[in-house]
Amino acid sequence: MAADRRTVIENCAIATVDAKDTEYASGHLVLAGHRIESLGPGPAPEGLENITRRIDATGHLVTPGLVNTHHHFYQWLTRGLATDHNLFDWLVALYPTWARIDEPMVRAAARGSLAMTARGGVTTAMDHHYVFPRGTGDLSEAIIGAARDMGVRFTLARGSMDRGEKDGGLPPDFAVETLDDALAATEETVRRHHDASSDAMTQVAVAPCSPFSVSTELMREGAELARRLGVRLHTHGSETVEEEKFCHELFGMGPTDYFESTGWLGEDVWMAHCVHMNDSDIAAFARTGTGVAHCPSSNARLAAGIARVPDLLAAGVPVGLGVDGTASNESGELHTELRNALLVNRLGPHRETALNTRQALRLGTYGGAQVLGRAGEIGSLEPGKLADLVLWRMDTLAHASIADPVAALVLGAAAPVTAAFVNGRQIVENGRLLTADEDEIARSTRTEAQRLARITERG
């Protein structure tokens, strides 16, 4: 949108998620081009010029767009498998299938994953892709292209694995890269696709998969590469008790100490899960500014445990929400994680004081922006920030009798998305994508899932 063209949104409840948690029972927003120009209580100011669109948002809550901080798009093709496994058994069951993905499969899976999250209010997506079978095409380009076509803001965490079964890892040997190949391909992906500008639509992070699928050399050299290129770092950490045992047996220390020894703590790092952390681990994350992607549904699906989110937040650790892969969170949605984060954490030792509805919304918006290093640009509704926002309909049967719209959004049924804007461009209208054909995506994902199943059966 041209910078001088304005969209006015009025008569809506607004949860800004700014530093003061400012809210308006009935307010307005003015979008100018791809940024938020102004917002406040009551109707928009008189005399605004170049208004190209005026939206009467009566009955709606407007929030920042949701920010997904951890996902594995390719897993869209293997949903509903190994449904009663813990993490390690689940990985062993599914790696032989994942190792046979190719570019058409990855593109279809990325489109399915992106479509499901975007139509549910995600305006900034990410994908941690770490499976690169030899000779299967340009998988990073397929993923980035799918996000570009969908119109969402996007971070590709270019993953890697170099510890196969013969070296004591979980992935099949034919599914891993060599150390040199992984580093070279990651650097090439950053150089080709990473945009360091403040309004970037595509960014890239360096993301070796996990301690049990990656050598110490790849962890250490991956961190050095990321800092030389000026990009962020992402990996899995402290997800299960089995991982902690693995780290002690292999490295003689727990996951957090191992990460610190390889250069993997810092303000430019965020880790997925972080379920099994002691007080010392949390203090190390707080001291270094290391972020966490909390994935409550996946942690429950794989019986991994309950992350200490209240303690992480109290210590000052940046925490966002993640869908995780849809082979361990089949819904593929982030807006349901607002509710699940609150409910799951209230099962922990803090009980009813663990999280409240505003904290849950903050995890899914500003917290996610912090974790991705973009809190200055997205994650809250403030003048000058990028126009990434969602209009949630709150006057239907599902929510109309709940007076507090934030409580309705977090605790109620999944709220309908009337409109989602990314960079000032509307990408969802009345729960349907404007940038892609959902029915065609459904057909293509089913076709590719069936093809992957056949290939796997043939061995």
Side-chain angles (χ1 to χ4, degrees), residues 69-70 126 128-130 132 155-163 167-169 171 176-191 194 196 203-240 243-244 246-293 312 315-320 322 370-375:
T69 62
H70 187 66
M126 74 81 68
H128 184 193
H129 188 85
Y130 52 83
F132 290 90
T155 295
L156 174 67
R158 202 294 180 179
S160 52
M161 300 186 294
D162 70 338
R163 186 193 296 277
D167 297 317
V176 303
E177 300 174 281
T178 67
L179 170 65
D180 290 341
D181 286 348
L183 292 169
T186 300
E187 180 166 2
E188 175 66 13
T189 302
V190 173
R191 294 196 182 282
H194 180 70
Q203 296 196 326
V204 179
V206 175
C209 182
S210 64
F212 46 84
S213 59
V214 170
S215 68
T216 298
E217 292 76 17
L218 182 51
M219 292 295 294
R220 185 173 291 116
E221 293 187 38
E224 293 170 357
L225 173 66
R227 291 176 176 129
R228 174 164 59 83
L229 298 176
V231 299
R232 297 182 74 76
L233 301 85
H234 181 57
T235 191
H236 297 88
S238 302
E239 186 173 359
T240 66
E243 177 190 335
E244 185 171 9
F246 179 95
C247 287
H248 277 287
E249 290 178 350
L250 199 63
F251 311 122
M253 63 186 87
T256 300
D257 290 339
Y258 174 68
F259 287 131
E260 187 156 31
S261 75
T262 57
W264 273 79
L265 295 184
E267 293 182 353
D268 53 357
V269 181
W270 85 102
M271 297 193 193
H273 305 299
C274 300
V275 174
H276 297 277
M277 298 181 72
N278 58 33
D279 291 347
S280 176
D281 298 329
I282 292 174
F285 271 54
R287 170 175 49 82
T288 58
T290 305
V292 171
L312 290 165
V317 176
V319 181
Q370 282 185 296
V371 162
L372 295 184
R374 307 202 67 176

Item to check | Residue list, salt bridge (charged side-chain N to carboxylate O under 4.0 Å, His left out) with E244, at least two apart or on another chain | outcome: none
Checklist outcome for this item: The side-chain hydrogen bond (donor to acceptor under 3.5 Å, both in side chains) partners of S160 (sequence neighbours excluded) come to none
Next on the checklist: Going by the rule side-chain contact (heavy atoms from CB on, under 4.5 Å), which residues pair with A157 if we only count those two or more places apart in sequence or in a different chain?
Outcome noted: M126, H128, A205, A207, H234
Item to check | Derivation of the side-chain contact (heavy atoms from CB on, under 4.5 Å) call for T186 and E177 | outcome: CA-CA 11 Å; T186 300; E177 300 174 281; 6.0 Å; no
Checklist entry - According to the ring pair (Phe, Tyr, Trp, His ring centres under 6.0 Å) rule, which pairs have a member within residues 274-293, sequence neighbours left out? => result none
Item to check | Partners passing side-chain hydrogen bond (donor to acceptor under 3.5 Å, both in side chains) against T235 (at least two apart in sequence or in another chain) | outcome: none
Checklist outcome for this item: Contacts of S210 meeting side-chain hydrogen bond (donor to acceptor under 3.5 Å, both in side chains) (sequence neighbours excluded), chain-then-number -> S213
Next on the checklist: Between E224 and R228, does any side-chain N to carboxylate O distance fall below 4.0 Å?
Outcome noted: no
Item to check | Residues that A315 engages under side-chain contact (heavy atoms from CB on, under 4.5 Å), provided they are two or more places apart | outcome: I282, A286, V317
Checklist entry - By side-chain contact (heavy atoms from CB on, under 4.5 Å), which residues pair with E217, not counting sequence neighbours? => result L179, S215, E221
Checklist entry - With sequence neighbours left out, what residues match Q203 under side-chain contact (heavy atoms from CB on, under 4.5 Å)? => result T155, H194, A200, R374
Item to check | Results of salt bridge (charged side-chain N to carboxylate O under 4.0 Å, His left out) for D281 - residues two or more places apart only | outcome: none
Next on the checklist: Ring-plane angle category for H273 and H236, please: parallel below 30°, perpendicular beyond 60°, tilted otherwise.
Outcome noted: parallel
Item to check | Counterpart residues, salt bridge (charged side-chain N to carboxylate O under 4.0 Å, His left out), relative to R227 (two or more places apart) | outcome: D268
Item to check | side-chain hydrogen bond (donor to acceptor under 3.5 Å, both in side chains) involving S261 - partner list, sequence neighbours excluded | outcome: none
